[in-house]
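Notes to accompany the following structure.
When reading the values below, keep in mind they use all heavy atoms of this one structure, side chains included, and skip hydrogens, waters and symmetry mates.
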Amino acid sequence: MSMRSQVYEWSNLAPTGQTSSLRRTVDAVPVAVPTNREYDIFIGGIGNNITKPAETTATQFIVIEDIACSAYLGGALQVRINTTDYFQNPDVTDQAGVPGLASPYPRGSSNDAAADTLEDYTQLLKSFDLYPDVYVLPGQVFQILYSLQSTNVATTQTTVVAAFVKYTLYDGPDALIANKLLELGVTINPNNVDWYKRTLIEQQQRSRVAAVATNGGSA
Amino acid sequence: MSMRSQVYEWNSQTGTAATSWSNTNTGNSVSIFIGGVGNNITKPAETTATQFVVIEDVAVSPTAFMPSATVAKGTTYRGLIAGGNGSAGACNGVIGNRAYIQVRINTTDYFLDPDNVGNDGIPGAASPYPRSTNFQPCFNLYPDVYVLPGQVFDALVTCYQNSAFGSSVATNALSAFMKYTLYDGPDALIANKLLEMGISINPGNVDWYKRTLIQSQSAAPAMA
């Protein structure tokens, strides 16, 4: 299993009295997310986090295929590879990234988190597709940064916000092939990795047949 | 019929009172096949020496997120129940079970966090079951998951929200779904061959391999 579809879901839910936790906990409560600041969904110190920054080892290659976040409160997601932000303004200045309105999570959720209008809501569809995909090369660190423009804290309530990333992890020999495809300028996806494997096998078979022919029919 | 599309649906409330989902299960991963909760089968799901399984989709009940303290526990929103600890008071803003589904092959979890630690799997919010205009998928299990001959496979559901599972099959508040293709006999051998060749295993490619074999066989007598 050296090509694996992977997902990571983050939300600002943490045990009562804490702002974050490793992995998830039962009946966690929403915590405040300061506005206009970017928080790494992996190790940002809010909600469910993991033990260390997300990075690829020397034998791994990651292709990020989709990102999405809550569509309300002006939420947005940015992808950062090492220190470089992926989404930029046309004048090459920083921006927040893909708005939750363009790539909502969950799909079909409302653009208004207020619960007092349970019968009156929209069901958002995505208007953004992360294509071409984002490549994380061996040894690189990647961050998915969530930010919101409006506060998620009111007098008596705190709004739950969430983010989602879907990626494919290529490991071992398949990561080497992914690197080779990158050199060749071929899009990295499971089909093309399989195509490259088939090409290698066919080449080996041809050279074996040629060697037999050279030796006068004996292997 | 040696290639067969198969499905398995699990509902947490189809068992007796003793075997239906309760808050004691929240936070623990439960097998949808032999977990002792809801509808189960007689033995762990496994392939025989002449079978090959390709898991193509997994899904679990969805979750909605909203402000805390605005919905009372027990309120229904988009078909989901507002749960949480205790039976009264306001919900924490998570509507539904906050459920996840993980695929396990033998003892290895398929879905990992970026720190290479096994996680809870696919969120129901990303791969909802059932799908609706309210809850649409943003996850596609591609590449598929292969279960080779002789391997044991499992799907584990984990929930993090108490009291959101409903009380009967009719409420259908916590369920899971798996879609897979079972290759048996000669088709399982072909599936193994395709795996060796680095070709995706699907019914189209298995048929393509059969056609190739037939063509090479029919070409051989003509040469003789």
Side-chain angles (χ1 to χ4, degrees), chain A residues 1 3-9 11 13 23-30 42 50-55 57 62 66 68 70 103 105-110 113-116 118 121 123 125-126 142 152 154 156-162 164 166 168-169 190-191 193-198 200-201, chain B residues 26-27 62-71 75-78 83-85 90 92-95 98 100 105 108 110-117 119-128 132-143 145-146 158-162 196-200:
Chain A
M1 293 199 293
M3 287 186 282
R4 287 195 283 185
S5 183
Q6 299 289 328
V7 297
Y8 182 83
E9 186 203 52
S11 62
L13 293 163
R23 318 302 165 192
R24 299 183 180 93
T25 54
V26 173
D27 290 338
V29 294
F42 299 122
I50 60 173
T51 53
K52 66 186 184 70
E55 60 186 347
T57 66
I62 279 178
D66 195 17
S70 298
S103 186
Y105 180 77
R107 298 268 193 268
S109 62
S110 174
D116 57 348
L118 292 178
Y121 50 73
Q123 295 152 321
L125 301 174
K126 67 170 181 174
F142 67 104
N152 70 324
T156 58
Q157 64 188 40
T158 306
T159 302
V160 181
V161 292
F164 171 80
K166 195 262 181 190
T168 301
L169 172 65
N191 266 340
V193 169
D194 281 345
W195 162 79
Y196 192 84
K197 281 189 212 167
R198 288 198 300 273
L200 283 181
I201 291 167
Chain B
T26 310
T63 306
F65 304 111
M66 57 171 52
S68 63
T70 53
V71 179
T75 304
T76 300
Y77 172 74
R78 295 191 182 193
N85 195 19
N92 59 355
V94 177
I95 317 294
R98 203 182 170 204
Y100 302 81
I105 308 293
T108 306
Y110 189 83
F111 299 102
L112 305 174
D113 276 337
D115 56 359
N116 293 322
V117 176
N119 63 20
D120 300 315
I122 309 294
S127 185
S132 67
T133 50
N134 286 325
F135 299 103
Q136 298 163 30
C138 55
F139 169 80
N140 178 22
L141 186 54
Y142 179 77
V145 180
Y146 298 151
T158 311
C159 294
Y160 287 99
Q161 184 80 343
N162 276 318
E196 282 176 21
M197 295 167 70
I199 297 173
S200 297

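Interatomic distance, CG of B:L112 versus CD1 of A:I50, reported as 11.0 Å (0.5 Å rounding). The distance from atom OG1 of A:T25 to atom CZ of B:R98, rounded to the nearest 0.5 Å, is 6.5 Å. How far OG of A:S70 is from CE of B:M66: 11.5 Å, rounded to the nearest 0.5 Å. In this structure, the separation between OH on B:Y142 and CE on A:M3 is 7.5 Å, given to the nearest 0.5 Å. A:K126 NZ to B:Q136 CD: the interatomic distance, rounded to the nearest 0.5 Å, is 10.5 Å.
The part of A:S11 that comes within reach of chain B is its side chain, from C-beta onward, which places non-hydrogen atoms under 4.5 angstrom from that chain. For B:P62, no part lies near chain A; criterion is any non-hydrogen pair under 4.5 Å. Both the backbone and the side chain of A:R24 come within less than 4.5 Å of a heavy atom of chain B. A:A28 touches chain B through backbone and side chain together, each having a heavy atom under 4.5 Å away. Residue A:N152 does not touch chain B at all, counting heavy-atom pairs closer than 4.5 Å.
Of the listed residues (B:C159, B:P123, B:G93, B:G83), the one with the most heavy-atom contacts under 4.5 Å to chain A is B:P123. With chain B as the partner, the residue from A:V161, A:N191, A:V193, A:L200 showing the most heavy-atom pairs under 4.5 Å is A:N191. Put simply, of B:V117, B:L141, B:T63, the one with the most heavy-atom pairs under 4.5 Å next to chain A is B:V117. Ranked by heavy-atom pairs shorter than 4.5 Å toward chain A, the options B:N140, B:T133, B:T26 are led by B:T133. With chain B as partner, the option from A:F142, A:F164, A:W195, A:F42 having the largest number of non-hydrogen pairs under 4.5 angstrom is A:F164. Chain B forms more heavy-atom pairs under 4.5 Å with one residue of A:D66, A:T158, A:T57 than with any other, namely A:T158.
Of all non-hydrogen atoms in B:V94 and A:L13, the two that sit nearest each other are CG2-CD1, 3.5 Å. In terms of heavy atoms, A:V26 sits closest to B:G27 at CG2-CA, 3.6 Å. Shown here for A:V7 and B:N119, the closest heavy-atom pair between the two residues is O-ND2, 3.5 Å. Annotation for A:Q157 and B:S68: closest pair CB-O, 2.9 Å, computed over non-hydrogen atoms. Of all heavy-atom pairs spanning A:K197 and B:G198, the tightest one is CD-CA, 4.4 Å. Across every non-hydrogen atom of B:A126 and A:Y105, the tightest pair is N-OH, 3.7 Å.
Taking the side chain as every heavy atom from C-beta outward, B:F65 and A:P30 never approach each other to under 4.5 Å.
With hydrogens and angles disregarded, no donor-acceptor distance shorter than 3.5 Å links the side chain of B:D113 to the backbone of A:Y8. Judged purely by atom type and a 3.5 angstrom limit, A:Q6 uses its side chain to pair as donor or acceptor with the backbone of B:Y110.
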